[in-house]
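What follows is one structure encoded as structure tokens, with my remarks underneath.
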Amino acid sequence: MKRYLRGVIIILAVVLLAGVAYSADKPAEKVFDQKIPEEWGTLKAVAQFPNLDLGYLYFEDSKGTIRRVAFDQGSNTLYGAVLVINRSK
């Protein structure tokens with residue numbers, strides 16, 4: 001199971017990095033008041049780093065836009081900066 005999960009995380013990371021390289025102008029987005037906007041769509045994946053409380057939440061909306069936000073599980077807080085990956089047209 002660990003091997004499968006690592007493979008999924010690696011594939012997701014490669015896809016996201018490719019999206020960053022080929023995405024168009026990315027709007028600046030931030031998390032306010034520790035709430036995820038409904039417009040971000042559904043939670044698609046969670047990645048947590050071993051031995052750290054830091055992780056990432058990945059959301060995808062109806063247009064295929066992916067958003068990644070970092071969270072600290074120890075303090076139960078979201079970080080303000082959001083990585084936005086737009087689908088190419």
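Computed from heavy atoms alone, side chains included, the values below leave out hydrogens, waters and symmetry copies. Quick caveat, the model's predicted, so the values are computed rather than measured.
Remark: Thr42 pairs with Lys44 by the side-chain contact (heavy atoms from CB on, under 4.5 Å) rule, at least two apart or across chains. Judged as a side chain to side chain donor-acceptor pair (under 3.5 Å), and not counting sequence neighbours, Glu39 has no contacts. Among residues two or more places apart in sequence or in another chain, the side-chain contact (heavy atoms from CB on, under 4.5 Å) test is passed with Asp72 by Asp53, Ser75, Thr77, Tyr79. Every ring-ring contact (aromatic ring centres under 6.0 Å, His included) that Tyr56 has, sequence neighbours left out, goes to Phe49.
Side-chain contact between Val82 and Trp40 is present, with heavy atoms from C-beta onward closer than 4.5 Å. Residues Thr65 and Val84 have side chains in contact (heavy-atom distance under 4.5 Å, counting atoms from C-beta outward).
To the nearest 0.5 angstrom, Leu57 atom CG is 5.0 Å from Phe71 atom CZ. In this structure, OH on Tyr58 lies 8.0 Å from CG on Leu83, to the nearest 0.5 angstrom.
Residue Ala70 comes nearest to Leu54 through the heavy atom pair CB-CD1, 4.2 Å, listed as atom of the first residue, atom of the second, then distance.
The salt bridge (Lys or Arg N to Asp or Glu O under 4.0 Å) contacts involving residues 56-66 comprise Glu60-Arg87, Asp61-Arg67, where partners must be two or more places apart or lie in separate chains.
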